[in-house]
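Below: one structure, written as structure tokens.
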Amino acid sequence: MFAIIIGLALIAFAVAACLPNCLNWGADIIMVLKGAAPVLAAFVGLIAVFIGFADIKDKKEAKKEEAAKEAEEK
């Protein structure tokens, strides 16, 4: 319950920070998002490459297991 209250309070603060009548941090928030976008894109790309390598490795292992299973059946 405490975590929900803290979460709602933080969401309310984030919304208030963007409003022009409150803190008026909208331009600063956009600047941070623009700066973080390339870093986030590189991070997501790196994760995608690791997932791709793991998928290729899993497919090779599955082919080896199928070949071993077929060899046992004969």
Side-chain angles (χ1 to χ4, degrees):
M1 185 68 179
F2 180 72
I4 293 173
I5 294 170
I6 295 297
L8 290 173
L10 290 174
I11 290 171
F13 172 75
V15 170
C18 295
L19 294 176
N21 296 342
C22 248
L23 294 175
N24 198 17
W25 289 358
D28 295 332
I29 292 170
I30 297 297
M31 186 177 13
V32 168
L33 290 176
K34 284 181 181 179
V39 175
L40 181 62
F43 184 67
V44 170
L46 186 63
I47 291 172
V49 168
F50 286 142
I51 290 172
F53 283 141
D55 188 40
I56 291 170
K57 183 180 174 183
D58 289 342
K59 286 181 182 180
K60 284 184 180 179
E61 288 180 17
K63 285 182 182 180
K64 286 180 184 178
E65 288 177 8
E66 286 180 17
K69 187 177 179 181
E70 289 178 5
E72 287 178 5
E73 290 176 356
K74 290 181 182 181

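To the nearest 0.5 Å, atoms CD1 (I30) and SG (C18) are separated by 7.5 Å. Atom CD of E65 is separated from atom NZ of K69 by 9.5 Å, given to the nearest 0.5 angstrom. Interatomic distance, CD1 of I51 versus CD1 of I56, reported as 12.5 Å (0.5 Å rounding).
Screening residues 10-25 for salt bridge (Lys or Arg N to Asp or Glu O under 4.0 Å), with sequence neighbours left out, gives no hits. Among residues at least two apart or in separate chains, salt bridge (Lys or Arg N to Asp or Glu O under 4.0 Å) pairs with a member in residues 47-58 are D55-K59.
Considering only residues two or more places apart in sequence or on other chains, L40 meets the side chain to side chain contact (heavy atoms under 4.5 Å, CB included) condition with V44. Contacts of F43 classified as side chain to side chain contact (heavy atoms under 4.5 Å, CB included), with partners at least two apart in sequence or in another chain: I47.
Criterion: ILVMFWY side-chain heavy atoms under 4.5 Å apart, direct or through other members. Under it, L19 and F13 are not part of a common hydrophobic cluster. In the hydrophobic cluster analysis, where Ile, Leu, Val, Met, Phe, Trp and Tyr join through side-chain heavy atoms closer than 4.5 angstrom, F50 is grouped apart from V39.
Cluster partners of L10, using a side-chain heavy-atom cutoff of under 4.5 Å among ILVMFWY residues and allowing indirect links, are F2, I6.
Minimum interatomic distance between C22 and A16 (heavy atoms only, all atoms of both residues): CB-O, 3.0 Å. Heavy-atom minimum distance, G35 versus P38: O-CD, 3.4 Å.
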